Enquirer: 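I'd like to ask you about the structure that follows.
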Amino acid sequence: MKKILITGAAGFLGSHLCDKFIKEGFHVIGMDNLITGDLKNIDHLFGLEQFEFHHHDVSKFVHVSGKLDYILHFASPASPIDYLKIPIQTLKVGSLGTHNLLGLAKDKGARLLIASTSEVYGDPLVHPQTEEYYGNVNPIGPRGVYDEAKRFQEAITMAYHTYHNVDTRIVRIFNTYGPRMRLNDGRVIPAFIGQALRGEDLTVFGDGSQTRSFCYVDDQVDGIYRLLMSDYNLPVNIGNPNEITIADFAEEIIKLTGTDQKVIYKDLPVDDPMQRQPNITKAREILGWEPKVDRAEGLKITYEYFKSLPEETLYQQEHKSFEKYMK
Ligand code: UDP
């Protein structure tokens, strides 16, 4: 049985990846320090012989006994509000954490896939973003702790690949959504759905003309799986190219949820990228991958998930200090 270590296992993407690799017949070691992850996301896996969980912070030395075939490094805060709240941990997990996992991969002869991000393109001046674009990142802005950690992560991963022959993969993940996102992490989809469920107005930041392209989690997981199993070492964008303005997106959520609330406008956060759309030619050609779930379908599933949560979850505000993040 192949053995895989998944860091960030109790998080949104990490938990879906645990499910996928269990289903594919792997022995899965889930690792998480539970700062932003939640054991509820993997509760259903604890009874399985195929699954074990290690409560550990990957910024510290990582030990796994016995053989290891694959590592997926998905531990990281991943919402702009989290970067503000825990900036140092965000920097450490992308840098020190990646270094530790590269060392582990080298020692075990394991293949390592790291979760990079469309944030490496910053506020992009090239549209749609291809993997060849170097990006437009502000290193000292509020997103710098995430963006630069992820850029460093790519650099050290390529260095280990080139100089130590470690077998590596780099996925650049564009906005992804689905069940198990944190309702109150400040990201736009849980934010809008949460507001609709609480009967509050939907808060659009700026004039809402900024764009995003949202990928359903099952598509994202399929893309990551294919990349891991491929022999391609350079970065690959995985995301859904279907782009929409945030203002139009708010209207979609109003229709989906049937809320009678309206849209209100708030200040645009510092360094909020104005447009984002993946060019997925590489994923199509190299991995034979493309997204299959359209937004209407994916949002419906996501809405049903949020609706099914205990009501008090709706009112657990994790972050209240949006103001600090504003211009
Ligand atoms: N956004 C918004 N209202 C909210 C939360 C987010 O208008 O309540 C906007 C945000 O400014 C950004 C977009 O939605 O332009 C996506 O934000 P998110 O935090 O989900 O992800 P990211 O900016 O990292 O793509």
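These numbers were taken from a predicted model, which means no experiment stands behind them. Position 1 is the first residue of the sequence; numbering continues from there. We count ligands from 1, going down the list as the structure has it; atoms in each ligand are counted the same way.
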Enquirer: When only distance counts, is Val188 in polar contact with ligand 1, meaning an N/O pair under 3.5 Å?
Expert: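 Val188 vs ligand 1: N/O contact under 3.5 Å present.
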Enquirer: Between Tyr177 and Phe12, does the ring centre distance come in under 6.0 Å?
Expert: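 Aromatic pair excluded; centres sit 6.0 Å or further apart.
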Enquirer: Does ligand 1 have a heavy atom under 4.0 Å from the side chain of Gln210, from its backbone, from both, or from neither?
Expert: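 Looking at Gln210 and ligand 1, just side chain atoms fall under 4.0 Å.
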Enquirer: Taking salt bridge (Lys or Arg N to Asp or Glu O under 4.0 Å) as the definition, give me every residue that meets it alongside Lys3, ordered by chain and number, with sequence neighbours left out.
Expert: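 Applying salt bridge (Lys or Arg N to Asp or Glu O under 4.0 Å) to Lys3 gives none.
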Enquirer: Would you mind checking if Arg143 and Asp272 are paired as a salt bridge, meaning a charged N to carboxylate O distance below 4.0 Å?
Expert: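 Looking at Asp272 and Arg143, the cut-off is met.
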Enquirer: Could you tell me whether Lys300 and Asp294 have a side-chain N and a carboxylate O separated by less than 4.0 Å?
Expert: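 Here Lys300 does not pair with Asp294 in a salt bridge, since their nearest N and O are not under 4.0 Å apart.
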Enquirer: For ligand 1, which atoms, with element, lie under 4.0 Å from some heavy atom of Asn175?
Expert: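 Matching atoms, with element in brackets: 21 (O), 22 (P), 25 (O).
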Enquirer: Are Phe192 and ligand 1 in contact, using a heavy-atom cut-off of under 4.0 Å?
Expert: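 Phe192: in contact with ligand 1 (<4.0 Å).
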Enquirer: Using only atom types and a distance under 3.5 Å, with no angle test, would you say the side chain of Gln316 pairs donor to acceptor with the backbone of Asn184?
Expert: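 The answer is no, because no donor-acceptor pair under 3.5 Å joins these two groups.
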Enquirer: Quick one: which of Ile254, Val204, Leu197 gives a side-chain contact (heavy atoms from CB on, under 4.5 Å) with Phe192?
Expert: Val204
Enquirer: Spell out, as yes or no, whether a donor-acceptor pair under 3.5 Å connects the side chain of Lys108 to the backbone of Val64.
Expert: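 Checking the backbone N and O of Val64 against the side chain of Lys108, a donor-acceptor pair under 3.5 Å is found.
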Enquirer: Any N/O of Gln195 closer than 3.5 Å to an N/O of ligand 1?
Expert: no
Enquirer: Looking at Asp219, is its backbone amide N or carbonyl O close enough to the side chain of Trp289 to form a donor-acceptor pair, meaning the two atoms are under 3.5 Å apart?
Expert: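 Yes; at least one donor-acceptor contact below 3.5 Å.
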Enquirer: With heavy atoms only and a cut-off of under 4.0 Å, state how Pro269 meets ligand 1: side chain, backbone, both or neither.
Expert: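 Looking at Pro269 and ligand 1, just side chain atoms fall under 4.0 Å.
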Enquirer: Please state which option from Tyr177, Phe214, Tyr265, Phe205 has its nearest heavy atom closest to atom 2 (C) of ligand 1.
Expert: Phe205
Enquirer: Gly186 heavy atoms, cut-off 4.0 Å: which ligand 1 atoms fall inside?
Expert: 5 (C)
Enquirer: What atoms of ligand 1 come closer than 4.0 angstrom to any heavy atom of Thr203?
Expert: 2 (C), 3 (N), 4 (C), 7 (O), 8 (O)
Enquirer: Indicate, with yes or no, if the rings of Phe249 and Phe214 have centres closer together than 6.0 Å.
Expert: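 Distance test on ring centres: under 6.0 Å, yes.
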Enquirer: More than 12 foreign heavy atoms under 6.0 Å from NE2 of His99: is that the case here?
Expert: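 Not buried by this count: 12 neighbours or fewer within 6.0 Å.
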Enquirer: List in chain and number order the residues that pass salt bridge (Lys or Arg N to Asp or Glu O under 4.0 Å) with Glu154, two or more places apart in sequence or in another chain; answer none if no residue qualifies.
Expert: Arg172
Enquirer: If you count the atoms of ligand 1 from 1 in the order shown, which ones are under 4.0 Å from a heavy atom of Glu119?
Expert: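 So the answer, numbered in order with elements, is 24 (O).
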Enquirer: Within the 4.0 Å heavy-atom shell around Val204, which atoms of ligand 1 are there?
Expert: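 Matching atoms, with element in brackets: 7 (O).
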Enquirer: Please work out, at 4.0 Å between heavy atoms, whether the side chain, the backbone, both, or neither of Arg143 comes within that distance of ligand 1.
Expert: side chain
Enquirer: Of the side chain and backbone of Lys266, name the one, both, or neither that has a heavy atom under 4.0 Å from an atom of ligand 1.
Expert: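 Within the 4.0 Å criterion, Lys266 makes no contact with ligand 1.
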Enquirer: Out of Val263, Asp185, Leu268, Ile246, who gets a non-hydrogen atom closest to atom 13 (C) of ligand 1?
Expert: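 Checking each option, the heavy atom nearest atom 13 (C) of ligand 1 is found in Ile246.
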Enquirer: Find all atoms of ligand 1 within a distance of less than 4.0 Å from any non-hydrogen atom belonging to Pro80, and give their numbers and elements.
Expert: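 What qualifies from ligand 1 is 19 (O), 24 (O).
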Enquirer: Which bit of Ile81 is near ligand 1, meaning a heavy atom under 4.0 Å away: side chain, backbone, both or neither?
Expert: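 No part of Ile81 comes within reach of ligand 1.
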Enquirer: Looking at Ala191, which atoms of ligand 1 are within less than 4.0 Å of one of its heavy atoms?
Expert: 8 (O)
